[in-house]
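Quick notes on the structure that follows.
The structure presented is a predicted model; accordingly, all values stated were derived computationally and were not measured.
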Amino acid sequence: MSHRKKDRMVQDLISRGQNIISNNFRQMNHRYLLVLLFLTVCQLASAQFAKIIDKDGYVNVRKQATVNSAVVSKIAADEIVYAFPDEKFGDWVIVDYTDKSNKSITGYVHHSRIKYIESYKQIPTVFSDEGTAKFMAKDITVQINSDSFDYEKNKGDFSSTQYDGYTVVDKFRGQQIWGTDGEIPTSHYTSIQATIKGRFIQIPAKEIENLFNVNNEFATCYYDDSNDILYINTVNGDGAGGYAVLFEIKKGQYNARVVTMPF
């Protein structure tokens, strides 16, 4: 994500956070909430997706930011993590990762073992509004389409789970809901498609149908020319419902989706 877009995102989240404080938390300490919000969005502005790169085929995830610290897990090369750079940890970066068994892993990885997705060649944005984002470079075109969400038409596809006596609507068509924080969705993806060197690829409907409250203005695309991989990256939702998502298209085929809370 470009620095300009990050700045816009931070300012937007601060504005939304101020509205939340004004409308929902009048009895709480406003100064404390604003400080908490500021720290959260600053972290969001620097956090980003990254790929594990290691000639040994995996990287050690350590409990603390030192080579002598205990290894809490290992992550295979080419896997995608969400990284939180922080100068106070020197050459180490905090990463979040969810493995194939849905186990969450958090720890420290040496910065030489990751490559930030935004370090690849960026595909320029040629158009962006609430319903569409389009990106274009030589031999590559990406288009993201979204629309308002018709809750009445789709409400039968939502389901709930009991948590400690509370009923939470948390699934759409059997998948975890992203972007709503318990509220009715306002927008959703209708399609994401790309053309890469003459090859047309469409992200499967199942991979986008549970992603709500779309922010097309925050979408970015990057291309790894050496490995023929296209990355489509964005941050959606607002407030506590915010989430980051990365789609990976490898050698002309849809490969994977990674979704995480960027806090």
Taking every heavy atom of N215 against every heavy atom of N236, the minimum-distance pair comes out as N-OD1, 2.8 Å
Does the ring centre of H110 sit less than 6.0 Å away from the ring centre of W92? yes
So which heavy atom on K206 is nearest to which on Q175, and how close? O-NE2, 2.9 Å
Is the distance between the ring centroids of F247 and Y231 less than 6.0 Å? no
Can you tell me if D96 uses its side chain to pair, donor with acceptor, with the backbone of T106 under 3.5 Å? no
Qualifying residues under side chain to side chain donor-acceptor pair (under 3.5 Å), relative to Y223, sequence neighbours excluded: K197, D228
For R62 and A70, indicate whether the former's side chain and the latter's backbone hold a donor-acceptor pair under 3.5 Å. no
Y116: which other cluster members, linking ILVMFWY side chains closer than 4.5 Å, directly or transitively? I52, V59, V61, V72, I75, V81, V93, V95, Y97, I105, V109, I114
Please determine which of N216, N213, T190 meets the side chain to side chain donor-acceptor pair (under 3.5 Å) test together with S146. N216
What residues form a salt bridge (charged side-chain N to carboxylate O under 4.0 Å, His left out) with D54, not counting sequence neighbours? R113
Test item: side-chain donor near acceptor, Y243 and D181, under 3.5 Å: no
Would you say the side chains of Q202 and Y254 form a donor-acceptor pair under 3.5 Å? no
is_close_aromatic(F212, F172), centroid dist under 6.0 Å: yes
Parallel, tilted or perpendicular, judged at 30° and 60°: which one describes the rings of H188 and F149? perpendicular
Distance-minimising heavy-atom pair for E217 and S128: CA-OG, 3.5 Å
Would you mind listing the cluster partners of Y166? Hydrophobic ones only (ILVMFWY), side-chain contacts under 4.5 Å, chaining allowed. none
Examine the side chains of N145 and Q143 and answer whether a donor and an acceptor come within less than 3.5 Å of each other. yes
Can you name the residues that form a salt bridge (charged side-chain N to carboxylate O under 4.0 Å, His left out) with K100, not counting sequence neighbours? E79
Mind jotting down which residue pairs meet the ring pair (Phe, Tyr, Trp, His ring centres under 6.0 Å) criterion with at least one end in residues 47-70? Sequence neighbours excluded, please. F49-Y82
Between D170 and Y163, do the side chains contain an N or O donor and an N or O acceptor separated by less than 3.5 Å? yes
T167 and Q162: side chain donor to acceptor below 3.5 Å: yes
